[in-house]
S.K.: 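Have a look at this one before I ask anything.
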Amino acid sequence: MLKAALIGLGDISKIHLPAIKENPIVELTAVCDVNEDLRTLVPEARFYTDYQDMLESEAIDVVHICLPHYLHNSVTKACIEKGVHVFLEKPLGLNTEEALEIVNLEEEHQEVKVCVCFQNRYNESFEMLQKIAFSGEYGKIVGIKGLVAWYRPKSYYDLKPWRGQMEYAGGGVMINQALHTLDLMQLLGGKIESIRGSLDQLLDYGIEVEDTASARIQFKNGVTGLFFATNANAENSSVELEVIFEKGKFTIKDSILTRVTENGEKEELVEDARLPGSKFYYGASHVKLIHQFYQCIEQGTENYVHAKDAFPAIQIIDVIRKSSDSKQRIQLEG
């Protein structure tokens, strides 16, 4: 049986903990958080306030890292160097430099598995859309559109000030709310040739990070991508991913994949499993990816989201920021 631990008992841990507990091949042995008041939150596991003490004291096979962005790099490195498998909440790092450090460590320590939580890759709607794209039934992809129109009140940043600070968050809406959408867009579009991006702050919150971002992405295979994300909407609207093929158009919206038929009607193809409660926008595929990762650890297989797989989305964010600062289109190398 695998022995698991979790570092960081914030909001997202409430998704991870049940997934760990319900898996028959895993035992949750330890949790860690700097907040002593959370000591009784997971009574069946030993509680630590220092993750390094936990790593030294416990015989752990896999660690779930559910920490603020600025702690991902150092804690992930410590776990890898200790020989402990890592299930890392996004993002991979604050920027491409940090992300590359983990990618390189993953390559150097091939006995250690690092899975980044890009769970939306495992939504039923996206899995079917990807199969359709690979099949070639509707021809080549012509264009991809990703839209994220959400709402975050000022209290969201006041409650946890790191979210509004570049040094600690690595960005705003792109890295915090829209990273999954950028990941799915690049999975479908392939290697990127150039990006022209623009960042803004439409809300008067006094934060450093962007609350709105837009970009036109040119893929090397000729596909055109349009990306728009904001936290300045009146509510959390459904994320929309539209893919235009030579012979058809498909859209994921409201967790449903639809196809526009020849007579202009919308045909529903598949609906995602839903996560109950107000955090529905997390998606319901965390559990699927977590269980798959455990299986890979146990069987020595590689079918999960590696650090190197999660790197392109971080690179896109850095390039959009660079383009916005320079007000120029940025060509990607390689």
S.K.: On the ring face of Tyr156, is Arg163 found with NZ or CZ under 6.0 Å from the centre and within 45° of the axis?
M.R.: yes

S.K.: Would you call the rings of His69 and Trp162 parallel, tilted or perpendicular, taking 30° and 60° as the class edges?
M.R.: perpendicular

S.K.: Go through the steps for Val114 and Ile80 under the test side chain to side chain contact (heavy atoms under 4.5 Å, CB included), then give the verdict.
M.R.: CA-CA 8 Å; Val114 180; Ile80 294 173; 3.7 Å; yes

S.K.: Do Phe227 and Ile320 come close enough that some side-chain heavy atom pair is under 4.5 Å?
M.R.: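 Touching, per the 4.5 Å side-chain cut-off.
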
S.K.: Once you measure the plane-to-plane angle for Phe245 and Tyr138, does it fall in the parallel (<30°), tilted (30-60°) or perpendicular (>60°) bin?
M.R.: tilted

S.K.: Please report the interatomic distance CD1(Ile256) to OG(Ser125), rounded to the nearest 0.5 Å.
M.R.: 9.5 Å

S.K.: Nearest 0.5 Å, what's the CG-CG distance between Asn23 and Leu28?
M.R.: 11.5 Å

S.K.: Ignoring hydrogens and geometry beyond distance, is a side-chain donor-acceptor pair present between Asn303 and Thr301 at under 3.5 Å?
M.R.: no

S.K.: Go through it in stages, so that I can follow the logic: the residues are Val173 and Trp150, the test is side chain to side chain contact (heavy atoms under 4.5 Å, CB included), and I'd like the CA-CA distance, side-chain angles, deciding distance and then a yes or no.
M.R.: CA-CA 9 Å; Val173 67; Trp150 282 6; over 6 Å; no

S.K.: Between Ile290 and Ile15, is a side chain to side chain contact (heavy atoms under 4.5 Å, CB included) present by the stated rule, with each step listed?
M.R.: CA-CA 10 Å; Ile290 290 169; Ile15 305 296; 5.8 Å; no

S.K.: How many angstroms lie between atom CD of Gln52 and atom SG of Cys32, to the nearest 0.5 angstrom?
M.R.: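 SG of Cys32 is found 9.5 Å from CD of Gln52.
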
S.K.: Classify the side-chain pair Glu107/His306 by whether it contains a donor and acceptor separated by less than 3.5 Å.
M.R.: no

S.K.: Are the side chains of Leu67 and His72 in contact, using a 4.5 Å heavy-atom criterion?
M.R.: yes

S.K.: Do the side chains of Glu267 and Arg259 get close enough for a salt bridge, i.e. N-O under 4.0 angstrom?
M.R.: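 Looking at Glu267 and Arg259, the cut-off is met.
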
S.K.: Please check if atom NZ in Lys14 has more than 12 non-hydrogen atoms from other residues, nucleotides or ligands closer than 6.0 Å.
M.R.: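 Yes - once you tally the heavy atoms of other residues, nucleotides and ligands closer than 6.0 Å, there are more than 12.
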
S.K.: For Glu137 and Lys247: C-alpha separation, side-chain torsions, deciding distance, then whether salt bridge (Lys or Arg N to Asp or Glu O under 4.0 Å) applies.
M.R.: CA-CA 8 Å; Glu137 180 181 354; Lys247 296 182 287 185; over 6 Å; no

S.K.: Is the closest basic N to carboxylate O distance between Lys113 and Glu302 below 4.0 Å?
M.R.: yes

S.K.: Determine, for Glu58 against Lys82, whether the closest basic-nitrogen to carboxylate-oxygen distance falls under 4.0 angstrom.
M.R.: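 Between Lys82 and Glu58 there is no salt bridge, as every charged N stays at least 4.0 Å from the carboxylate O atoms.
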
S.K.: Using distance alone, with no hydrogens and no angle criterion, decide if Ser285 and Asn123 have a side-chain donor and acceptor under 3.5 Å apart.
M.R.: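 Side-chain D/A pair, Ser285 to Asn123: present.
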
S.K.: Answer yes or no: is there a side-chain heavy-atom contact under 4.5 Å between Glu22 and Val287?
M.R.: yes

S.K.: I'd like to know whether Met54 forms a side chain to side chain contact (heavy atoms under 4.5 Å, CB included) with Ile60, so could you lay out the CA-CA distance, the side-chain angles of the two residues, the decisive distance to 0.1 Å, and finally the verdict.
M.R.: CA-CA 9 Å; Met54 185 186 75; Ile60 300 166; 4.0 Å; yes

S.K.: Any luck finding a side-chain donor-acceptor pair between Tyr70 and Gln165 under 3.5 Å?
M.R.: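 No pair is found: no donor N or O on one side chain lies under 3.5 Å from an acceptor on the other.
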
S.K.: Testing the 3.5 Å rule here: is there a donor-acceptor pair between the side chains of Tyr205 and Asn231?
M.R.: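 Checked: Tyr205/Asn231 side chains show no N/O donor-acceptor pair below 3.5 Å.
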
S.K.: Check this for me: does any side-chain nitrogen of one of Arg152 and Asp211 sit under 4.0 Å from a carboxylate oxygen of the other?
M.R.: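 The answer is no: the pair does not qualify as a salt bridge.
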
S.K.: Decide yes or no for Val305 and Tyr122: does some side-chain heavy atom of the first lie under 4.5 Å from some side-chain heavy atom of the second?
M.R.: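 Contact flag for Val305/Tyr122 side chains = yes.
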
S.K.: Would you indicate whether the side-chain heavy atoms of Arg321 and Leu199 approach each other to under 4.5 Å?
M.R.: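 They are in side-chain contact.
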
S.K.: In Å and rounded to the nearest 0.5 Å, what is the CD1 to CD distance from Ile144 to Gln186?
M.R.: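 Nearest 0.5 Å value for the CD1-CD distance: 9.5 Å.
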
S.K.: State, yes or no, whether a side-chain contact exists between Leu332 and Val319 at a heavy-atom distance under 4.5 Å.
M.R.: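 A side-chain contact exists here, since the closest heavy-atom pair is under 4.5 Å.
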
